[in-house]
Number of protein chains: 2
Amino acid sequence: MWGVPRVSEDHLTARREQILAAARACFLRKGLHTTSMQDLIKEAGLSVGAVYRYFKSKDEIIAAIAEGVVGGISAQIDEVASRRLPLFESMALLLEVIDQQTGPDGALPIALQVWAEATIDPAIGAIVHERYTGLRARLRVLVEHAAEAGELPAGADLDEVTSAVYSMLPGYGLQRLLIGNPSREGYLRGMQALYNRPA
Amino acid sequence: MWGVPRVSEDHLTARREQILAAARACFLRKGLHTTSMQDLIKEAGLSVGAVYRYFKSKDEIIAAIAEGVVGGISAQIDEVASRRLPLFESMALLLEVIDQQTGPDGALPIALQVWAEATIDPAIGAIVHERYTGLRARLRVLVEHAAEAGELPAGADLDEVTSAVYSMLPGYGLQRLLIGNPSREGYLRGMQALYNRPA
DNA sequence: CCTCCTAAAACGAATGCTCGTTCTTTTATG
DNA sequence: CATAAAAGAACGAGCATTCGTTTTAGGAGG
């Protein structure tokens, strides 16, 4: 009687993901604002109307991309933290994560676009603030483990140490992305030299 | 006799700078691609034709902005390096430089836009690559001084150490820009804790 | 198992606007 | 007064989005 023609929910979320995947591909290639809706729609292989059924504006698509951009990294940080390795070895693994996110299939090139947008559009700014604060919290666990293992000076403020560790990840990633240098191994050795300075 | 109507050269470069200043203001407020030529022209208080006399396209204006974005920081790094302070004190001064560049009058918010563009547009990519490689070279001087003063382990590769130091600057700046935390003092203490780890 | 029916889902032509740029005209200068 | 500099109207292209139409999925009735 009610006439229920709805397609499966899996289908709906798959379509949504199809659109977001197309968006990521386009944004990677052309940037957030030089990508037109028509580019994105063509990349997705859908029609105008189909895309506008799932997202009511281009801004909403950009916001969805911004929401998802730290997903993969979060999980990987948790995984590294759960291994409770010495701080330095954890850092080595984290750099490996960043390295992998720096390539064309990684999230970093798109994250860079999102960061730029965050300074312009308060809605994106709020998303970025929330997500990267969350990422920081996950990294803090790793620093806590280091403190428990006696790897840090007594009484060190763990938030402050977390900030210092945190900054190395985008710092390294940006350097790779924009300049190419240094190799992960070289960077690690550089850090090591800095950390293990002569008395 | 020759029919020379040309205005003074100072006037020409002043007009050019006037346009670039307007561009920086607009880009800071709206981003590279959401800023229209008309926005920029209105901000400069000039006419369409006047702007197109000095720059033959919007891309050329963006390129000029990209060229200039490290100027202020370069000079400040040189200044810090020339003082030959202990590495850690130099770092503290560099963070101060970054802090100042992070505000709305600083270059960092626009630099972020430029970095994002660099991954999309090869022309901007080349400019960024060149300029930030140059910046790195200036920072290397500071690391060389640290090595001469015996602050680094013997045989440490100075390029590698430079990379590690370099990464902290955008790492700290980004964290300030996107998350707000940490304060410079807190960040410094965090670094210090990392540096002075128990054996 | 097939057919019909309904509403969701997909479509794509059309719309109104704004964009970057060009070009002709006007103004200012040495 | 000759010419560079500045002006601004005009233009076609391409933009994000709307909306009336067509297609399709899937439950109900036989």
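A quick note: this is a predicted structure, and the numbers were derived from the prediction, not measured. Letters A, B, ... mirror the listed sequences (proteins, then strands); counts begin at 1.
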Is A/T34 touching bases, backbone alone, or none of the nucleic acid, heavy atoms closer than 4.0 Å?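 It contacts nothing in the nucleic acid.
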Considering every strand and a 4.0 Å limit on heavy-atom distances, what is the contact class for A/I61: base, sugar-phosphate, or nothing?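 Contact class for A/I61: none.
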When the distance from [atom1] of [X] to [atom2] of [N] is rounded to whole Å, what number comes out?
X	N	atom1	atom2	answer
A/L32	D/dA16	CG	P	12 Å
B/L46	C/dT27	CG	C1'	15 Å
A/D59	D/dA16	CG	P	10 Å
A/L12	D/dT24	CG	C1'	14 Å
B/M37	D/dA10	CE	P	21 Å
B/K42	D/dA7	NZ	P	16 Å
B/I19	D/dA6	CD1	P	8 Å
A/F55	D/dA16	CZ	P	15 Å

Short side-chain N/O contact to [N] OP1/OP2 from [X], under 4.0 Å:
X	N	value
A/S47	C/dC11	yes
A/Y52	C/dC11	no
A/R53	C/dC11	no
B/S36	C/dC19	yes
B/H11	C/dA28	no

Where the side chain of [X] is defined as all heavy atoms beyond and including C-beta, which of [options] is the nearest nucleotide?
X	options	value
A/V48	D/dA5, C/dG12, D/dA7	C/dG12
A/Y54	C/dG20, D/dG8, C/dA9	C/dA9
B/K58	D/dA7, C/dT22, C/dG20	C/dG20

Is A/R131 close to A/L135 at the side-chain level, that is, under 4.5 Å between some pair of heavy atoms?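 Contact flag for A/L135/A/R131 side chains = no.
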Should A/V69 and A/V128 count as side-chain neighbours, where that means a heavy-atom distance under 4.5 Å?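 The answer is no; the side chains never approach within 4.5 Å.
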Considering residues, nucleotides and ligands other than A/E9, do more than 12 of their heavy atoms fall under 6.0 Å from its CD?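 Atom CD in A/E9 is not crowded, with 12 or fewer foreign heavy atoms closer than 6.0 Å.
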Assign the ring pair A/Y132 / A/W115 to parallel, tilted or perpendicular, where the plane angle (0 to 90°) is split at 30° and 60°.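 The arrangement is perpendicular - the two ring planes meet at more than 60°.
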Below 30° counts as parallel, above 60° as perpendicular, anything between as tilted: where do the rings of A/Y172 and A/Y187 land?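 Ring orientation of A/Y172 relative to A/Y187: tilted.
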Residue whose closest nucleotide on DNA chain C lies nearer the 5' end, B/S8 versus B/T35: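 The answer here is B/T35.
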Starting at the 5' end of DNA chain D, which residue's closest nucleotide do you reach first, A/G49 or A/H33?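 Here A/H33 is the residue nearer the 5' end.
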